[in-house]
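Structure first, then comments.
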Protein chains: 2
Amino acid sequence: MSEFTATVTVRLKRGVLDPEAETTKQALERLGFDLSALRSADRFEIDLEATDADEAAERADEMAERLLANPTIHDYDVAVTEK
Amino acid sequence: MSEFTATVTVRLKRGVLDPEAETTKQALERLGFDLSALRSADRFEIDLEATDADEAAERADEMAERLLANPTIHDYDVAVTEK
């Protein structure tokens, strides 16, 4: 068993309104910054023991499916690195 | 001018309590998942025009300093990709 870190990034699906990101973008513009778009996402870094990276990715994927992401409005991706 | 995407990841500094991450970890454990730690972070993907990647990174860094991160409790990093 080795220790892995699985990074799950959870984003809103295209077309789902993100008022928080819109507000952040406007606040940056009020500070004088020039930007064309801003998207926000949640990132979870999960340390877990697994026999290999594939098993770690599979378990992180299941965590995203069952709890971290809401499949109606979110997309997610999983990246695994060995510690 | 080219279009770049700057990704700013904002994390709590080591030692700052993260009750939301702790609650998420416990919820995953209640679902039967085995994990040794979970950290949460905010991720902002910012589309902006700049002359080169260095300028894009510098501007994203300034956005993080001034608005996206709270230097008392947060660390952040910036990664830039050309679109």
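Labels below follow one simple rule: chain letters A, B, ... track the order of the sequence lines, proteins then strands, and each chain is numbered from 1.
Only the side chain of B:Phe33 has a heavy atom closer than 4.5 Å to any heavy atom of chain A. For A:Glu3, the part sitting under 4.5 Å from any heavy atom of chain B is the side chain, from C-beta outward, and nothing else. For A:Thr7, no part lies near chain B; criterion is any non-hydrogen pair under 4.5 Å.
Shown here for B:Ala27 and A:Leu67, the closest heavy-atom pair between the two residues is CB-CD2, 3.9 Å.
Counting only distance, with no hydrogens or angles, the side chain of B:Arg43 and the backbone of A:Arg11 share no donor-acceptor pair below 3.5 Å.
In terms of hydrophobic clustering, with Ile, Leu, Val, Met, Phe, Trp and Tyr side chains grouped at heavy-atom distances under 4.5 Å, A:Leu12 and B:Leu68 are assigned to different clusters.
Heavy-atom neighbours of B:Glu55 CD from other residues, nucleotides or ligands within 6.0 Å: above the threshold of 12.
The structure places CG of A:Leu28 at 10.5 Å from CG of B:Leu48, a figure rounded to the nearest 0.5 Å. Here the CG-CD distance, from B:Asp42 to A:Glu20, works out to 7.5 Å after rounding to the nearest 0.5 Å. Once rounded to the nearest 0.5 Å, the distance linking CZ of B:Phe44 with CG of A:Leu35 reads 12.0 Å.
The choice from A:Leu31, A:Thr9, A:Thr5 that makes the most heavy-atom pairs within less than 4.5 Å of chain B is A:Leu31. When the candidates A:Glu49, A:Glu62, A:Lys25 are compared by the number of heavy-atom contacts under 4.5 Å with chain B, A:Glu62 comes out ahead.
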